[in-house]
Amino acid sequence: MSVEIVFVMVGTTHTGNLGAAARAMKTMGFTKMRLVDACSHLSAEALARSSGANDVLKDAQTFDSLQAAIADCRVVIGTSARARQLAVPLLSCREIATELGEAAHSSLSGQKVAMVFGQERSGLSNESLDLCTRLLRIPCNPDFSSLNLGSAVQVVSYELSQALVSVPQGAPSPQPGKWKGTDDGENAIPAPTDPDELPATSDNMEHFFEHLDRVMVTTGFLDPDNPRLLRRRVRRYFESNRPTGSELAIFRGILSAVENPRKRK
Ligand code: SAH
């Protein structure tokens with residue numbers, strides 16, 4: 001049982017950092033890189049800095065938006081050097097890794113988890129953070145807290161590898177990027193077989209938010225010309241406690257009933 005970790009690089013401006021990120025990932029056994037609005041990942045500098053992790057760069061997938069890049073993910077972790085206002089819960093790198101390690105062999109087994117990294121200068125935008133279910137911060141000097149992008153990828157992938165892999169002494173190494181959970185024995189909690197009982201994918205969450213927005217506007221609850229922080233607060237609530245597919249279907253049903261009220265006989 002395992003989770004599939006995908007590393008999403010948003011707005012990266014230095015090709016060398018993409019190479020360093022690929023190298024950092026591969027040393028810890030991760031291979032899936034996705035790129036959004038990033039510089040050329042196949043440039044000579046990127047390939048040179050990857051020091052042999054060319055395969056990670058060559059296999060990297062590019063997307064037009066972060067939303068598209070994480071559409072199939074059920075957990076989305078944004079990484080940030082600083083706490084943000086009105087964001088989903090912020091945890092340390094190790095806390096997130098521990099949480100994922102536990103879920104890897106039970107509720108999230110076989111599912112995709114995105115780790116999202118921001119641009120070198122400005123980090124992740126508020127719009128990008130709105131798509132995340134958790135925020136990860138690498139604890140460091142509060143007066144000097146911004147790591148180089150490649151270094152941040154190294155620390156995150158190291159912590160994840162430690163939490164997700166369980167290699168008994170002398171056992172063969174697990175397959176790269178397909179780490180086993182820490183307890184595959186009899187005591188492991190069986191993974192839910194019904195995908196509707198898993199946390200909803202980002203794609204399904206976006207459809208839900210569109211529906212909710214439409215109902216908030218048509219009922220007059222939300223003034224689209226003066227939304228203030230309502231949308232962000234609503235998003236934060238649902239992303240912090242991402243519903244399962246079947247729970248989301250109930251909310252969608254309520255919204256549809258508000259749009260088309262049915263008379264009781
Ligand atoms: N001023 C930006 C720093 C960007 S550094 C900010 O406040 O976020 C580029 C990227 O490296 C960040 O977007 C994040 O993905 C990662 N990063 C750097 N330092 C980090 C830290 N202490 N914790 C978590 N991620 C970090």
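As the structure lists them, so they are numbered: ligands from 1, and atoms in each ligand from 1.
- Salt bridge absent: Arg236 and Glu239 never bring a charged side-chain N and a carboxylate O closer than 4.0 Å.
- Environment of CZ in Arg94: sparse, with no more than 12 heavy atoms of neighbouring residues, nucleotides or ligands closer than 6.0 Å.
- Under 4.0 angstrom from ligand 1, there are no non-hydrogen atoms of Cys93.
- For ligand 1, the polar-atom distance check against Val116 finds no nitrogen or oxygen pair separated by under 3.5 Å.
- In terms of polar-atom proximity, defined here as any N/O pair under 3.5 Å, Glu120 makes no such contact with ligand 1.
- By the 4.0 Å N-to-carboxylate-O rule, Asp130 lies too far from Arg231 to be salt-bridged with it.
- For ligand 1, the atoms lying closer than 4.0 Å to a non-hydrogen atom of Leu149 are 10 (C), 11 (O).
- Protein heavy atom nearest atom 16 (C) of ligand 1, with residue, atom name and distance: Ala152 CB, 3.6 Å.
- Close contacts of ligand 1 with Leu136, meaning ligand atoms under 4.0 Å from a residue heavy atom, involve 24 (C).
- For Thr15 (side chain) and His41 (main-chain N/O), no donor-acceptor pair under 3.5 Å exists by modelled atom type.
- By heavy-atom distance, the residue among Ile138, Asn141, Val153 lying nearest atom 23 (N) of ligand 1 is Ile138.
- Applying the 4.0 Å criterion to heavy atoms of Arg121 picks out, from ligand 1, the atoms 1 (N), 2 (C).
- Between Ser80 and ligand 1, at least one N/O pair is under 3.5 Å apart.
- Taking every heavy atom of Ser145 and a limit of under 4.0 angstrom, the matching atoms of ligand 1 come to 19 (N), 21 (C), 22 (N).
- Of all the atoms in ligand 1, the ones that sit under 4.0 Å from a non-hydrogen atom of Cys140 are 22 (N).
- Near Arg137, meaning under 4.0 Å from any of its heavy atoms, are these atoms of ligand 1: 23 (N), 24 (C).
- Listed by number with element, the atoms of ligand 1 under 4.0 Å from a non-hydrogen atom of Arg82 are 6 (C), 7 (O).
- Put simply, the side chain of Ser80 does not reach to within 4.5 Å of the side chain of Leu124, judged on heavy atoms.
- The number of heavy atoms from other shown groups lying within 6.0 Å of CZ (Phe209) is above 12.
- One option in Ser92, Gly118, Ser128 has a heavy atom closer to atom 13 (O) of ligand 1 than any other, and that option is Gly118.
- Here the straight-line distance linking atom CG of Leu42 with atom CG of Leu57 works out to 6.5 Å at 0.5 Å rounding.
- Residue Asp64 places its CG atom among 12 or fewer non-hydrogen atoms of other residues, nucleotides or ligands, all under 6.0 Å distant.
- No N or O atom of Ser146 sits closer than 3.5 Å to an N or O atom of ligand 1.
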Might you work through the side-chain contact (heavy atoms from CB on, under 4.5 Å) test for Arg228 and Arg233, ending with a clear yes or no? CA-CA 10 Å; Arg228 289 180 296 181; Arg233 283 182 195 279; over 6 Å; no
